[in-house]
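Inspection log for the structure reproduced underneath, given as structure tokens.
Just so it is clear: chains get the letters A, B, ... in the order the sequence lines come, proteins before strands, and each one is counted from 1.
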Protein chains: 4
Amino acid sequence: MGIQERKERERERRRQDILVAAKRVFSDKGFERSTIEDIAREAELSPGTLYLYFKNKDELYASLTVRVLQFMSVRLAHAIEEPGLNYDRKLANLIDAMFDIYEFDPVILNNMFHLQSSETLRDLSPELIEEINTLSRKSLRTIAAVFQEGMDEGRILRRHPTALADIFWSMFTGSVLWKETKQMIGNEQYPLKESIRLGFSLLDKGLRQQALDA
Amino acid sequence: MGIQERKERERERRRQDILVAAKRVFSDKGFERSTIEDIAREAELSPGTLYLYFKNKDELYASLTVRVLQFMSVRLAHAIEEPGLNYDRKLANLIDAMFDIYEFDPVILNNMFHLQSSETLRDLSPELIEEINTLSRKSLRTIAAVFQEGMDEGRILRRHPTALADIFWSMFTGSVLWKETKQMIGNEQYPLKESIRLGFSLLDKGLRQQALDA
Amino acid sequence: MGIQERKERERERRRQDILVAAKRVFSDKGFERSTIEDIAREAELSPGTLYLYFKNKDELYASLTVRVLQFMSVRLAHAIEEPGLNYDRKLANLIDAMFDIYEFDPVILNNMFHLQSSETLRDLSPELIEEINTLSRKSLRTIAAVFQEGMDEGRILRRHPTALADIFWSMFTGSVLWKETKQMIGNEQYPLKESIRLGFSLLDKGLRQQALDA
Amino acid sequence: MGIQERKERERERRRQDILVAAKRVFSDKGFERSTIEDIAREAELSPGTLYLYFKNKDELYASLTVRVLQFMSVRLAHAIEEPGLNYDRKLANLIDAMFDIYEFDPVILNNMFHLQSSETLRDLSPELIEEINTLSRKSLRTIAAVFQEGMDEGRILRRHPTALADIFWSMFTGSVLWKETKQMIGNEQYPLKESIRLGFSLLDKGLRQQALDA
DNA sequence: AATGAATGAGAATTCATTCAT
DNA sequence: CATGAATGAATTCTCATTCAT
């Protein structure tokens, strides 16, 4: 049984190595131009070996997304787990967490967007799709829960918490996307963090306008 | 002279026909899986003919983006041209315009995202890149100008108008993106308009919190 | 009838214009990379028009060769036509003529070599092949005749005149070819004229070794 | 270590198999009409496999030339290596060697000619160009050395040995070329060997005319 | 488990040639 | 005669995937 377990662990470890290699290659060459062989070389394995760990290229792509989603899930949970935090603190922590997630894998959005194209999803195993779905929902629920608390604490307006989480997430991904586009087209630096902070702060303030709103 | 002109017009018309066909194909099959031959068939032309109108596949892709950006530019300008509109009205008009833009070409973001990957941009002609850059800036300036007016009218907080336009745009694209993802992964309907409206209204309110902000 | 003739003349003139344009394009871009459209542009005509004057691309290629062969034929005849020339003078004149031919069209060999490939010849009209054959033979006969005279004058050894003409021609074309190759591979200048002169002078001397030979 | 070596050998063997197949195809169909697919079929491999051994079509072409140049280099060296040979014997051996080279690969000149067009060379790797250059020079030096010895032995006139080697080589290639052309155009047999022997003997005699020359 | 050579289906692109105007 | 837009067959090359070792 111990042997079984060790093998299992080693297998998982190798899988992670491949994913890390893939991430590096994608960062370097972009998705379209990255080949299985590139990734294999980066992972110091042969192309064939990759297929022992991933059904096909799309599953490998998708697994990268899972990796990010797992990190996101953990990181977000961590952001709010400390007991005794009020809405203000938790929101601030969430925002910090988003930056960490971005830095964990700046290519995350390319990744997820790539995944979206129905072509790619078509060949994914249902289990993987389910895993992505579950992880996404979990993170979204964490965010929504914070807004819920804000409402319960009477600090912010009552809106559908999930809707607010959607907006929170959209603003974040939209900003990252826009940063990329601007840099690519205009060759200019984009102050991503400042922009996101300003956006989040405006959203937050907008939610607090109880007096004017009612 | 008349002949010259007519030819010119016919050429432009044919170009547009191809772009429309390309849009249809992309919507159907997604970018990656769409081939030049698919588009040619849809346009009822031969593959070779497409190359009389577009230097290569990437330029064809990019031209689709230009098409959308042109529409956006015109639509946004239209949204604020009516004289005597105050900030409130103009912002509302802008938001309506964004929905029109989305409806004009929901695939727009796939498109622009595709464009983003530096690989694709590498082979674009500098003129095309410049055109995309110019059109983007123009629309952003239109949006920024509205925020500027809001500040000048004393209705909203003084923030960098371009930063606000960036946020406005990011929220929009992020929402569209997220809608796609959610539908793809979770198979659920996403109330895009409501979400965007809520987001924009929160941003707007956030900007108006003068009293709390100072 | 006069009209008929004028038309004929104009047609021939246009044909020559096209050939001149083709020659320029080939010199610039090489054979493989030259397209019918390139030639048409250089000739300030449309691609379709070229097909009114040449059955297809191969015939156009071949006609270039004919052009050179015609020039060669005339130039060689001219080299020996002056009455009262002895073998020595005629041989010297022939050699000068070869340089003129080379300068008339340095690409000549590419041309003729290209023609050689059976693929190209397959589609040529029998008339054109016959014309090339006739012109080649004519020039060779001119060269052979000079050697014949040298023998009749007792100045050179008796060898098969045609064989000597073949050698004369081979040395010339081989040198031009080798010049090209050396320049291409080694990037060095090649003293073509000096080399050919030395070669021809050695051949000539070899032919005169009556005493030693017998 | 043994495994490494065996793989290396097998790889080289496969490379040679492909080159042999390519040679057959080129002989059959000529260069222009030979496609990668043709060669792959002849080699009983798939098209993709060829690209594991050759960067692209031009490199495959060029490698054929290298093959011939290697043979030439070895064959020429062999021709003069026997100790105690004087100039007369060495020259005779060189000439025999040239015939062997011709028979080793009659398509050689097509090949080298093809290579000449700068278009083709443009895409060759610098290493390959360098290899071709080096091999060519080596053979030329071997030929030149024989002439040098002839001069040192006082048997032939003092001329630049390299220039004589150029002429030697030009006469050979020119003859082969001319044989092809004559057969193609006139459908007649051409006595290549006799022609070349006559040419070389004339050159040789021309060089020996010390008395007349001085 | 790992390898990596081989596969072969595709994809983008070119260009000689045609033909309606 | 001339045009030049359109054609579409043909070609090179790529790369995810397989499978014998």
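One interatomic measurement links the two molecules: CG of A/Asp38 to C1' of F/dA16, which rounds to 12 Å at whole-angstrom precision. Residue C/Glu59 contributes atom CD, which lies 14 Å from atom C1' of E/dA16 at whole-angstrom precision. The separation between B/Leu50 atom CG and E/dA11 atom C1' is 14 Å, rounded to whole Å. Per the geometry, NZ belonging to C/Lys57 stands 14 Å off P belonging to E/dT18, to the nearest Å. Taking atom CD1 on B/Ile18 and atom P on F/dA5, their separation rounds to 13 Å, with Å as the unit. Rounded to whole Å, the distance from OH on C/Tyr61 to P on E/dC15 is 10 Å. The distance between atom CG of B/Leu60 and atom P of E/dA11, rounded to the nearest whole Å, is 16 Å. Distance C/Glu37 CD to F/dG4 C1': 9 Å, rounded to the nearest Å.
Within the nucleic acid shown, D/Ile36 comes within 4.0 Å of sugar-phosphate atoms alone, with no base atom in reach, counting heavy atoms only. The residue B/Arg11 sits apart from the nucleic acid: no heavy atom pair falls under 4.0 Å. The residue A/Arg14 sits close only to the backbone: its heavy atoms come under 4.0 Å of sugar-phosphate atoms, none of a base.
Taking the charged nitrogens against the carboxylate oxygens, C/Arg14 and C/Glu10 have no contact shorter than 4.0 Å, which rules out a salt bridge.
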Identify the pairs formed between an N or O of the protein and an N or O of nucleotides 19-21 of chain F at a distance under 3.5 Å, and give each distance.
none

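Residues C/Phe54 and C/Tyr61 keep their aromatic ring centres 6.0 Å or farther apart.
Comparing C/Thr35 and A/Leu45 by the nucleotide of DNA chain E whose heavy atom lies nearest to each, the residue mapping closer to the 5' end is A/Leu45. Between D/Asn56 and B/Leu52, the residue whose closest nucleotide on DNA chain F is further toward the 5' end is B/Leu52. For the pair D/Pro47 and C/Tyr53, nearest-nucleotide mapping onto DNA chain F gives the more 5' position to C/Tyr53.
A sub-4.0 Å separation between OP1 or OP2 of F/dT11 and a side-chain N or O of D/Arg33 is absent. Between D/Ser46 and E/dT7, a side-chain N or O to OP1/OP2 separation shorter than 4.0 Å is present.
Here the straight-line distance linking atom CG of A/Leu69 with atom CG of A/Leu64 works out to 10.5 Å at 0.5 Å rounding.
Side-chain atoms of B/Ser125 and B/Glu130, non-hydrogen and from C-beta on, never get closer than 4.5 Å to each other. Counting heavy atoms from C-beta outward, D/Thr35 and D/Lys29 have side chains that stay 4.5 Å or more apart.
Applying the Watson-Crick and G-U wobble criteria (two distances, each under 3.5 Å), F/dT21 pairs with E/dA2. Both distances falling under 3.5 Å, in either a Watson-Crick or a G-U wobble arrangement, place F/dC13 opposite E/dG10.
In this model, no donor atom of one side chain and acceptor atom of the other lie less than 3.5 Å apart for A/Glu8 and A/Gln4.
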Begin from the C-alpha positions of C/Glu12 and C/Arg9 and carry the test salt bridge (Lys or Arg N to Asp or Glu O under 4.0 Å) through to its verdict.
CA-CA 5 Å; C/Glu12 182 52 28; C/Arg9 263 202 322 279; over 6 Å; no
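Other residues, nucleotides and ligands contribute at most 12 non-hydrogen atoms within 6.0 Å of the CD atom of A/Glu37.
Taking only side-chain atoms of C/Lys7, from C-beta outward, the nucleotide of E/dT13, F/dT17, F/dC1 with the closest atom is F/dC1.
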